[in-house]
2 protein chains.
Amino acid sequence: MPDRLSRNPSTSPADTPTRRQRADARNNRARLLQAARDAYALDGTDVPSSAIARRAGVGAATLYRHFPTRDSLIAAAFAEQFGQCIATVDEALKDDDPWRGLRTALTKVCRMQAEDRGFSAAFLAEFPDAPEVRRERARAESGLARLIQRAKDTGQLRKDFDSSDITLLLLANNGVLQDSPAASMAASRRLLAYFFQSCRPTDDTPLPEPAPLRLDDLYRAPRRTG
Amino acid sequence: MPDRLSRNPSTSPADTPTRRQRADARNNRARLLQAARDAYALDGTDVPSSAIARRAGVGAATLYRHFPTRDSLIAAAFAEQFGQCIATVDEALKDDDPWRGLRTALTKVCRMQAEDRGFSAAFLAEFPDAPEVRRERARAESGLARLIQRAKDTGQLRKDFDSSDITLLLLANNGVLQDSPAASMAASRRLLAYFFQSCRPTDDTPLPEPAPLRLDDLYRAPRRTG
DNA sequence: GCACAAACGGAAGAGGTCGACCGTTTAGCG
DNA sequence: CGCTAAACGGTCGACCTCTTCCGTTTGTGC
């Protein structure tokens, strides 16, 4: 029961859903999530679970009790940031200027990737297929599609822009991340600037075929080290 | 030339440097390299060494005898392709049109990355620090710098283009690679098209600060999965 | 304060990869 | 054809990570 995909602690601090949970358990759970976020942000999601447990000051068994599998810990640790990404799209849709909205949304997400390498990896590859996540993702996808169409309609976005280019950008952005968040931010900024430049409708040179990438590919692709 | 650091058989078929090497040993060595290239191209460089040995039809000990460490096998397997990359720069310098030369060189290297995921990973992260390799790299780097300057001088390349942007591109390109070479190629082509578009001197929007990346960073950065 | 169950920590098992040893085979040469 | 040393293959130990078990501690309600 741990972890209906991660009963978000901040959501309902006082709820007693099915049964009583002991205070120390709740506490440990929170510390594990924090430790995981810290460790992942620094070194990526391939740090050993034992390191997370140690960092949180609990035994390995306690970690496993709260998060039966390695992936469930990763998913729970980044659930909040994942939600932020989704929300970013909703917010972008509210912008009067769709192109500005799109840019802002992409900038935010790329920044989140650059700031937290662990999140970037999790965002790209390790999120669970829980139906709720799937639904959110679909919503974000359709929101992006609408945003793209609007930006094209206002003539600010080149007509041969494809929604797969969003995926392309996020993958590329993940690729340029470095060890230090500062270096990652700089690289990400530069990449994004290049990208935005070519998004403008400059008629003379058409782009080649879009890549066969859908947003789903972000989550399915084994992001191998090589 | 490729491969000091693993006496290359093709270098000098008839030389008897220190001692005689048996024919079967030479044969096995070649098969190991081929097996490694095949396996790496398909699944990336993290396939177990035992799988390579099996694929080559030899025992694990034989692999280890030829390539004392995992990394030495990877380096040897991709030495040739690495050399091609270097040569690409030399060739680009011969082009009358520096901008065309630069584009051709980058296209070739990106294509090599897309075609062979293992090479991409090796190219980016696992090449050895053998002095010769280092020298070649430095030569390529200075060649690129000259190429960039010439392209700027002819007014075909934006003035705020930075040599670190080459590194940025190669990292990004590696990031968009997919499981299937076909999908990788499509993604890579699209990315490159976007990149080239924004390389043209469009005065209105300056780029942000260049990323603190040097070509060396390609080879040093732990390209973590996350 | 007591009792019970929830939760804990350490240690152990399973799986998998890297690298090393060793008895056996085989190429190369006289 | 036969000898010798190079080369071979299977196996074994070390290491690391994930996951599980079990005896012990601790929070909570009566």
Side-chain angles (χ1 to χ4, degrees), chain A residues 1-3 7 9 14-33 35-36 39-40 43-77 118 121 126 222 224-226, chain B residues 6-7 9 13-33 35-36 39-40 43-77 118 126 222 224-226:
Chain A
M1 84 103 61
D3 211 359
R7 171 199 359 242
D15 70 346
T16 327
T18 29
R19 202 163 303 250
R20 194 64 185 174
Q21 187 181 33
R22 253 167 63 169
D24 54 346
R26 231 174 309 135
N27 199 354
N28 277 335
R29 185 174 203 283
R31 287 202 304 183
L32 278 167
L33 284 174
Y40 291 158
D43 292 328
T45 49
D46 49 6
V47 292
S49 303
S50 58
I52 310 253
R54 208 177 322 118
R55 197 180 188 117
V58 305
T62 300
L63 187 161
Y64 185 74
R65 200 171 304 112
H66 284 287
F67 306 101
T69 135
R70 180 192 166 68
D71 285 352
S72 71
L73 171 61
I74 294 174
E126 317 212 34
R224 286 211 190 78
T225 264
Chain B
S6 67
R7 172 201 1 236
D15 71 345
T16 328
T18 30
R19 200 165 304 249
R20 193 64 185 175
Q21 187 182 33
R22 254 166 62 170
D24 54 344
R26 232 176 309 134
N27 199 353
N28 278 334
R29 185 174 202 284
R31 286 202 306 181
L32 277 167
L33 285 175
Y40 291 157
D43 293 328
T45 49
D46 48 5
V47 293
S49 304
S50 58
I52 311 254
R54 210 176 320 120
R55 199 180 187 115
V58 305
T62 300
L63 188 159
Y64 185 74
R65 198 171 306 112
H66 284 287
F67 306 101
T69 135
R70 180 194 166 68
D71 284 352
S72 71
L73 171 59
I74 294 174
E126 318 211 33
R224 285 210 191 79
T225 263

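Residues A:Asp46 and A:Asp43 approach most closely at OD1-O, 3.4 Å, considering heavy atoms.
Near-neighbour residues of DNA chain C inside residues 49-56 of chain A, defined by a heavy atom below 4.0 Å, are absent.
Contacts of B:Asp24 classified as side-chain hydrogen bond (donor to acceptor under 3.5 Å, both in side chains), with partners at least two apart in sequence or in another chain: B:Arg22. Partners of A:Arg55 according to the side-chain hydrogen bond (donor to acceptor under 3.5 Å, both in side chains) rule, which considers only residues two or more places apart in sequence or in another chain, do not exist here. By the side-chain hydrogen bond (donor to acceptor under 3.5 Å, both in side chains) test, B:Arg65 is found to be paired with no residue, residues two or more places apart in sequence or in another chain being considered.
The distance from the CZ atom of B:Phe67 to the OG atom of B:Ser49 is 11.0 Å, given to the nearest 0.5 Å. Distance check: A:Thr45 OG1 to A:Ile74 CD1 gives 5.0 Å after rounding to the nearest 0.5 Å.
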What N/O pairs connect the protein and nucleotides 24-26 of chain C at under 3.5 Å? Give each pair on its own line.
from, atom 1, to, atom 2, distance (Å)
C:dT26, O2, B:Arg22, NH1, 3.3

Inset, instruction - Please lay out, stage by stage, how B:Arg54 and B:Leu63 fare under the test side chain to side chain contact (heavy atoms under 4.5 Å, CB included). - result: CA-CA 10 Å; B:Arg54 210 176 320 120; B:Leu63 188 159; over 6 Å; no
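Only one option out of A:Thr62, A:Val58, A:Ile52 pairs with A:Arg31 in a side-chain contact (heavy atoms from CB on, under 4.5 Å); it is A:Val58.
Distance CG (A:Asp43) to P (D:dT17): 12 Å, rounded to an integer number of Å. Look at CG on A:Leu63: it is 11 Å from P on C:dG9, rounded to the nearest Å. C:dA7 atom C1' lies 13 Å from atom CG of A:Leu32, rounded to whole Å. In this entry the distance linking CZ of A:Arg26 with C1' of D:dT28 reads 12 Å, nearest Å. Regarding B:Leu73, its CG atom lies at a distance of 10 Å from the P atom of C:dC18, rounded to whole Å. Distance A:Gln21 CD to C:dA6 C1': 10 Å, rounded to the nearest Å. Atom NE2 of B:His66 and atom C1' of D:dA6 are 11 Å apart (whole Å). What separates CZ of A:Phe67 from P of C:dC8 is a distance of 11 Å, to the nearest Å.
Two residues, A:Ala60 and B:Gly59, neighbour DNA chain D, and the one matched to the more 5' nucleotide by heavy-atom proximity is B:Gly59.
The side chain of A:Thr62 contributes no N or O atom lying less than 4.0 Å from OP1 or OP2 of C:dA7. Put simply, A:Asn28 has no side-chain N or O that comes within less than 4.0 Å of OP1 or OP2 on C:dA7.
Nearest nucleotide to the B:Arg70 side chain, out of D:dT17, C:dG19, D:dG9: C:dG19. The nucleotide whose nearest atom lies closest to any side-chain atom of A:Arg65 is, among C:dC8, D:dA7, C:dA27, C:dC8.
For the pair B:Arg26 (side chain) and B:Gln21 (backbone), a donor-acceptor distance under 3.5 Å is present.
In this structure, B:Ala61 reaches the bases: a heavy-atom distance under 4.0 Å links it to at least one base atom across the strands shown.
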